[in-house]
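Structure first, then comments.
Sequential numbering from 1 along the given sequence is applied to the chain's residues.
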Amino acid sequence: MLPTVILPGYLESADVYLPLQQALTALGTPTTTVPLRKRDWLPTLGGRSMIPILRQLDRTINEALTNHQATQINLIGHSAGGWISRIYLGEIPYTIHGDVTESAKLWDAKSKIATLITLGTPHLSGERWTRKNLDFVNNNYPGAMYPDLEYICVAGKSIYGEKKLGQWLAYSSYQQTCGIGNTWGDGITPIEAAHLAGAVNITIAGVKHSPRAAGIWYGSPEVRSQWTEYLK
C-alpha cells in the first residue's frame, strides 16, 4: 500500500492521532501524522493564512515519499485539515494573505496524492473568520474537482442540533457552518458541510467530531473500516 499522511484538525496536536496512525500502519500503509503542536496553529487564528500549516504538511509529505520510495501518498485531513489539504492540492497560488509569493510553491501538489480522505471537514462555512480561506478553496476548487484524484468525504451522524441542554453547541456550530441549526452532524460539522459534490460521500451513525470526545470518533476501531477500504 502507499504511505499515508494525516493532517490534524484545527488547534489539534499530532499526538492525539497516534492510535489511528498505528492502526493504519498495521493495515499495511506506513502512516505519519504532520507533527503539529497546538501552538503551531496560533499564527492562523482569526482567519489568517494557513501557510505555516502548509509548510509542515509539504515537508511531511515529501519525507514520506522519500522514505518509502513512493511517488504518491494517501492524504487524510481531519476537520479543517481537509480543506487545508484542498489548498495544497490546487494549482492556484495561495497568496491571498500577502505573506508569501508564488515562489513558495506550497500548492499544486495533486500529483503527489492518490486519495484525499476528509473526516468531519466543514467544506463550507458561514463563519466570518473562515470565509476568506474557504471562499478561496470553493471558488477555485469546487467539489471533487480533479477527476484523477479520488475524494472520500466522511460525515458523522451523532448529534441533532437543538436549542436545549446537550445539543446547544451542535446547534450553534451547525448554524454558523451551513445556516441551519436543526440538522444532523457530528456535534461540530453538519453532514451537508462534510460532503462534496462528486466525491464518495459517506455518513457514519454515532460518530463524534473529535478524537478527544467520549465515545466513537472517525478513527475508532468500530467504524474506521468504513473508510479505510478506500486507501490505495
Side-chain angles (χ1 to χ4, degrees), residues 1-9 12 14 16-34 57 60-61 63-65 67-86 88-89 109-123 141-159 184-213 215-232:
M1 292 178 72
L2 295 176
T4 294
V5 170
I6 301 170
L7 180 57
E12 269 298 359
V16 76
Y17 298 89
L18 183 58
L20 175 58
Q21 176 182 312
Q22 293 172 334
L24 296 180
T25 299
L27 287 177
T29 171
T31 303
T32 307
T33 303
V34 179
L57 173 62
T60 304
I61 287 175
E63 288 175 353
L65 292 171
N67 292 342
H68 300 287
Q69 299 181 353
T71 57
Q72 288 188 309
I73 65 152
N74 301 297
L75 179 55
I76 298 172
H78 172 235
S79 194
W83 60 258
I84 296 169
S85 295
R86 292 168 65 201
Y88 183 68
L89 295 171
K110 61 183 178 296
S111 64
K112 301 177 183 179
I113 313 301
T115 303
L116 173 64
I117 299 178
T118 66
L119 307 176
T121 293
H123 288 294
Y141 315 119
M145 177 159 174
Y146 297 111
D148 53 343
L149 173 68
E150 189 163 20
Y151 294 74
I152 313 298
C153 298
V154 189
K157 183 180 181 182
S158 58
I159 301 176
W184 281 97
D186 63 12
I188 297 296
T189 303
I191 292 170
E192 47 263 59
H195 289 165
L196 280 177
V200 175
N201 291 312
I202 300 168
T203 300
I204 307 178
V207 166
K208 294 181 180 177
H209 185 79
S210 173
R212 299 181 186 275
I216 297 172
W217 85 288
Y218 295 97
S220 295
E222 300 93 327
V223 299
R224 61 177 175 245
S225 63
Q226 295 187 48
W227 56 265
T228 56
E229 65 177 287
Y230 293 96
L231 292 167
K232 294 286 193 293

Which heavy atom of [X] sits nearest to which heavy atom of [Y], and what is that distance?
| X | Y | value |
| --- | --- | --- |
| Gly120 | His209 | O-CE1, 3.2 Å |
| Thr118 | Gly82 | CG2-CA, 3.8 Å |
| Gly28 | Pro30 | O-CD, 3.5 Å |
| Gly219 | Arg224 | O-NH1, 3.0 Å |
| Tyr230 | Gln226 | CE1-O, 3.8 Å |
| Leu2 | Ala114 | CD1-CB, 3.6 Å |

With a 4.5 Å cut-off on side-chain heavy atoms, are [Y] and [X] touching?
| X | Y | answer |
| --- | --- | --- |
| Thr32 | Glu63 | no |
| His123 | Cys153 | yes |
| Tyr218 | Asp186 | yes |
| Asn74 | Ile117 | no |
| Ile188 | Ser210 | no |
| Arg86 | Leu196 | yes |
| Ile61 | Ile113 | yes |
| Arg212 | Trp217 | no |

What's the spacing between [X] [atom1] and [Y] [atom2] if we round to 0.5 Å?
| X | Y | atom1 | atom2 | value |
| --- | --- | --- | --- | --- |
| Leu20 | Ile6 | CG | CD1 | 4.0 Å |
| Thr4 | Leu27 | OG1 | CG | 9.0 Å |
| Thr33 | Gln22 | OG1 | CD | 9.5 Å |
| Ile191 | Ile202 | CD1 | CD1 | 13.0 Å |
| Met1 | Leu24 | CE | CG | 8.0 Å |
| Leu65 | Thr60 | CG | OG1 | 11.0 Å |

- line: Ser85 meets the side chain to side chain contact (heavy atoms under 4.5 Å, CB included) criterion, sequence neighbours left out, with Leu7, Leu75, Leu116
- prompt: When you check the side-chain N and O atoms of His78 and Tyr17, is any donor under 3.5 Å from an acceptor?
  reply: yes
task: Return yes if a side-chain donor-acceptor contact under 3.5 Å exists between Thr203 and Lys157, otherwise no.
output: no
field: Glu229 CD: over 12 foreign heavy atoms closer than 6.0 Å
entry: yes
message: Could you check whether any side-chain N or O of Ser158 sits under 3.5 Å from a backbone N or O of Gly206, counting only pairs where one atom can act as donor and the other as acceptor?
response: no
CA sep, side-chain torsions, deciding dist, call: Thr189, Thr121, side chain to side chain contact (heavy atoms under 4.5 Å, CB included): CA-CA 7 Å; Thr189 303; Thr121 293; over 6 Å; no
